[in-house]
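Here is the naming used below: chain letters follow the sequence lines, and residue numbers restart at 1 for every chain.
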Amino acid sequence: MIRVVLPGHLRALARAGSEIQLDVTGPVTQRSVLDALEAQYPMLCGTIRDHVTQERRPFLRFFACEEDYSLEPPDTPLPEAVASGAEPLLIIGAIAGG
Amino acid sequence: MSKVRVLVGTRKGAFVLTSDGKRQNWDVSGPHFAGWEMYHLKGSPVHPDRIYASQTSGWFGQIIQRSDDGGKTWIQPGTPPGEKDAKQPGPPKGESNKFVYDTSAETGKPLTTHMWYDGTQHPWEFKRVWHIEPSLTDADTVYAGVEDAGLFRSTDGGKNWKELAGLRGHGTGPRWQPGAGGMCLHTIILDKSDPKRIYIAISAAGAFRTDDGGKAWRPINKGLYSQYIPEPTAEVGHCVHHVAMHPSRPGVLFMQKHWDVMRSDNAGESWQEVSGNLPTDFGFVIDVHAHEPETVYVVPIKSDGEHFPPDGKLRVYRSKSGGNEWEALTKGLPQRDCYVNVLRDAMTVDSLDKCGVYFGTTGGQVYASADAGDSWSPIVEHLPAVLSVEVQTLS
């Protein structure tokens, strides 16, 4: 079971709680986790990564185990602690704007 | 007993203001979608309890919301709340915010670039929906004007969107350039008397018209003079801020340009200036009285560098002669120390017997006049900066 923490606005959009649990088959990567997230919460399509290019939206970052994985290729395996469910993948909005 | 419902989009959420036909006492609901930029909300003339809303964010992109109960509850079209399993049979989910420019061969002239601020070509990049215009005849059909400028249409209640690519593809697209607020398609006017005619306006490209339902388009900017562009009378490149039309006279258009208030009596074939005695002819909003097609409203703003009313006095100007002769409407509006702006989609009129006029400010006030502008009072005074105001007249 993969754990994902969303920014507050996306939690409201998905009508989800503070932490989401996902079943991910195969390697646990940014792409596979986001695929599973969007399949379970289709209203989040396009809000984390672009609908067409599938690239991360520029003001969002991916953190896990106190490390920034935002610039890693989307198919790079996430840490074992995320794959095992010991640690969540944090999707974080940049602190910017008003 | 008639009622009015005012739909307010702000920088930090949407608000729904309701009153009876007297328009004196108001109920306020909101913020809906707190924290999100709500660029525009507009109700369907066919099914007034159906309201479409553009919810947007620099972080999370575009969302389309729809209410079918007058703004009490909302859904993302095609994605009912609580529905988690996208593998169920049925329409695709999560597509209601998918605005993809059409560059297919069928469009004839697929375009990939427009002019950037420095004069170089720049790829089209979808940013947000500025304006939503529900069809006059079908509650499931709705148009969206977007940044970077393009026109999209949904025929399934907002679930899926398809670009009317003939607008970008008609030939002048590479000469369109963003204004200070971005390259936005902000005005969509549907013509009740001719369902195939649509007017749109883009900052900074100008006004355009189709007469075949959106396939073929052409610029309608003859008579505009913009001294701030290299060729002041160019076919395109004008920073049009807003255009308004009275439904009973579809060939007559009023335009608030960056500078200049303009009028066309021939469906945009040519324009003449009607700024007349306005204290400044810079501004954003323009609208027409519901029952008097020659009565027009603007809110003059000091200049392009100083986006606030001249002399710190918030004044609506009304012309009862279709322009040129303007009177200041000040009763109930602050006449000192007022430095707000009124953005392009933030004025509207209701259709009650005595026409109501409404506008919102970047200072968070929404003012209403129940007597066609003779006097004003604030409905609310402390909202986030107001981006748009629309009103529905309900029976």
Enclosure of A:Phe59 CZ (heavy-atom neighbours >12, cutoff 6.0 Å): no
- request: Side chain from CB out, backbone as N, CA, C, O: work out which of these in A:Ala94 comes under 4.5 Å of a heavy atom of chain B, or both, or neither.
  value: both
query: Only one of B:Tyr39, B:Trp74, B:Phe15 forms a ring-ring contact (aromatic ring centres under 6.0 Å, His included) with B:Phe33, so which one is it?
result: B:Trp74
- prompt: Is the gap between the ring centers of B:His131 and B:His40 under 6.0 Å?
  reply: yes
message: Could you check whether B:Lys72 pairs with B:Asp49 (Lys NZ or Arg NE/NH1/NH2 to Asp/Glu carboxylate O, under 4.0 Å)?
response: no
- prompt: Non-hydrogen atoms of chain B under 4.5 Å away: do they reach the side chain of A:Leu44, the backbone, both or neither?
  reply: neither
- prompt: Which atoms of A:Pro7 come close to chain B, meaning under 4.5 Å heavy atom to heavy atom: side chain ones, backbone ones, both, or neither?
  reply: side chain
Atom group of A:Leu60 that falls short of 4.5 Å from chain B, counting heavy atoms: side chain
